[in-house]
A.B. asks: 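My questions will all concern the structure given below.
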Amino acid sequence: MSDAWPTTVAEAEAEQDRLRARVDLTDSPAPPRTVAGLDVAYADGDERLVAAVVVLDAATLAPVDEAVTIGRPAFPYVPGLFAFREIPALLDALDRLTTRPDLLVCDGHGLAHPRRFGLACHLGVLTGLPALGVGKTHLTGEWSMPGERRGDASPITLDGVTVGTVLRTQDRVRPVFVSPGHRISVAGATAQVLALAPRFRLPETTRAADHACRAALAGRTR
DNA sequence: GCGACAG
DNA sequence: ATCTTGTCGC
Ligand SMILES: [Mg+2]
């Protein structure tokens, strides 16, 4: 057991600093045929949580596979260390899929992170799959509000380096924060998210995963 | 010392 | 993330 799951903030931060060297920001030659959305829902009182992964056909956005799993938070919520809380359950759900998605769309940031290794980078590196992050709010980095039309965007920078994009996916609707996780570029991640959000603020992948884990937590299976 | 702080 | 009622806009 060379490496157990981190228990302290120091251990978790060290793990991020160690793994971030494996991040690859190169786009894949071929566009993804299937895209997966991942999300987690938490129970009120107890420590239960449900992780869900829903795979959609990238062209039609129709669901082609889905998996859910029950688990426990693997780490307390600490801004910057959020990934350590949900990753075990998410990996569990990914293992239950009957297909291998070409891209993971994570609910949280990727490169736009204090140590440039947010959830999307972490999940991408551990699975080896292309991954990107979509945050509903800002975490870190300098940014400015983009124009008010769908497609308008502005960069998120850290030390002068562009690590992501503030992207408006719908006219006059609050923008989302996009950043690459693994095996994708800032521009590539931004284009993918815009294509995945033709009608609503959040990507269809995120919406599908959100609905799936909430439904499972509510009690039903399907 | 005082804000900011993914989900 | 989750707890919450009504309210505004398409
Ligand atoms: Mg979430």
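Protein chains get the first letters and strands the later ones, always in sequence-line order, with residue 1 at the start of each.
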A.B. asks: State, to 0.1 Å, how close G133(A) and A120(A) come at their nearest heavy-atom pair, and which atoms those are.
C.D. replies: N-CB, 3.5 Å
A.B. asks: Is there a donor-acceptor contact under 3.5 Å from the side chain of D171(A) to the main chain of R150(A)?
C.D. replies: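 Side chain of D171(A) to backbone of R150(A): a pair is present.
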A.B. asks: Which pairs of donor and acceptor atoms, one on a side chain in residues 200-207 of chain A, lie under 3.5 Å apart (sequence neighbours left out)?
C.D. replies:
from	atom 1	to	atom 2	distance (Å)
R201(A)	NE	R174(A)	O	3.0
R201(A)	NH2	K136(A)	O	2.8
R201(A)	NH2	P175(A)	O	2.9

A.B. asks: Taking all atoms of both residues into account, what is the closest heavy-atom pair of A153(A) and L167(A), and its distance?
C.D. replies: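 The answer is CB-CD1, 4.0 Å.
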A.B. asks: Which nucleotide span of DNA chain C, 5' end to 3' end, has atoms closer than 4.0 Å to non-hydrogen atoms of chain A?
C.D. replies: dA1(C) to dC3(C)
A.B. asks: In terms of hydrophobic clustering (I, L, V, M, F, W, Y; side-chain heavy atoms under 4.5 Å; direct or indirect links), are L104(A) and V64(A) co-clustered?
C.D. replies: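 Shared cluster, yes.
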A.B. asks: Tell me whether H182(A) contacts the main-chain N or O of V23(A) through its side chain, where contact means a donor paired with an acceptor under 3.5 Å.
C.D. replies: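 No; zero donor-acceptor contacts below 3.5 Å.
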A.B. asks: With side-chain hydrogen bond (donor to acceptor under 3.5 Å, both in side chains) as the rule and sequence neighbours excluded, what pairs involving residues 153-169 of chain A come up?
C.D. replies: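 Every pair satisfying side-chain hydrogen bond (donor to acceptor under 3.5 Å, both in side chains) with a residue in residues 153-169 of chain A: T165(A)-T190(A).
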A.B. asks: Determine whether L119(A) and L132(A) fall in the same hydrophobic cluster, where Ile, Leu, Val, Met, Phe, Trp and Tyr are linked whenever their side-chain heavy atoms lie under 4.5 Å apart.
C.D. replies: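 No, L119(A) and L132(A) fall in different hydrophobic clusters.
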A.B. asks: Identify each donor-acceptor pair in which a side-chain atom of residues 141-148 of chain A lies under 3.5 Å from a protein atom, sequence neighbours left out, and give them as a table.
C.D. replies:
from	atom 1	to	atom 2	distance (Å)
W143(A)	NE1	H138(A)	ND1	3.2
E148(A)	OE2	R172(A)	NH1	3.3

A.B. asks: Any residue in residues 167-190 of chain A with a heavy atom nearer than 4.0 angstrom to DNA chain B? Just list them by number, or reply none.
C.D. replies: none
A.B. asks: How would you list, by chain and number, every residue that makes a side-chain hydrogen bond (donor to acceptor under 3.5 Å, both in side chains) with D65(A), sequence neighbours excluded?
C.D. replies: T98(A), T99(A)
A.B. asks: Under 4.0 Å from any atom of DNA chain B, heavy atoms only: list the residues of residues 149-157 of chain A that qualify, in numerical order.
C.D. replies: none
A.B. asks: Write out the stems for DNA chain B, ordered by first number and formatted as range with range, counting runs of at least 3 consecutive Watson-Crick or G-U wobble pairs under 3.5 Å.
C.D. replies: none
A.B. asks: Which side-chain hydrogen bond (donor to acceptor under 3.5 Å, both in side chains) pairs, counting each pair once, include a residue from residues 6-15 of chain A, with sequence neighbours left out?
C.D. replies: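 For residues 6-15 of chain A, and leaving out neighbouring residues, the side-chain hydrogen bond (donor to acceptor under 3.5 Å, both in side chains) pairs sorted by first residue read E15(A)-R18(A).
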A.B. asks: Go along nucleotides 1-7 of chain B 5' to 3' and tag each nucleotide: B for a protein heavy atom under 4.0 Å from its base, S when only backbone or sugar atoms are that close, - otherwise.
C.D. replies: ----SBB
A.B. asks: Check whether D57(A) reaches the backbone of A62(A) with its side chain - one donor and one acceptor, N or O, closer than 3.5 Å.
C.D. replies: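 Flag not set: sc D57(A) to bb A62(A) has no pair under 3.5 Å.
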A.B. asks: Rounded at 0.5 Å granularity, tell me how far OG1 in T140(A) sits from CG in L111(A).
C.D. replies: 12.0 Å
A.B. asks: Count I, L, V, M, F, W, Y as connected when their side-chain heavy atoms are under 4.5 Å apart, and connections chain through other members. Are V178(A) and I184(A) then in the same cluster?
C.D. replies: yes
A.B. asks: Where does DNA chain C form stems of at least three consecutive Watson-Crick or G-U wobble pairs, each pair having both distances below 3.5 Å?
C.D. replies: none
A.B. asks: Show the nearest heavy-atom pair for residues V50(A) and A216(A), with the distance to one decimal.
C.D. replies: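 Smallest interatomic distance, heavy atoms only, reads CG1-CB, 3.6 Å.
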A.B. asks: Evaluate I156(A) against V186(A) for side-chain contact (heavy atoms from CB on, under 4.5 Å), listing each step before the verdict.
C.D. replies: CA-CA 10 Å; I156(A) 299 174; V186(A) 170; over 6 Å; no
A.B. asks: Could you give the side-chain donor-acceptor pairs of residues 70-91 of chain A under 3.5 Å, partners two or more places apart or in another chain?
C.D. replies:
from	atom 1	to	atom 2	distance (Å)
R72(A)	NH1	E47(A)	O	3.2
R85(A)	NE	Y42(A)	OH	3.4
R85(A)	NH1	F75(A)	O	2.9
E86(A)	OE2	Y42(A)	OH	2.7

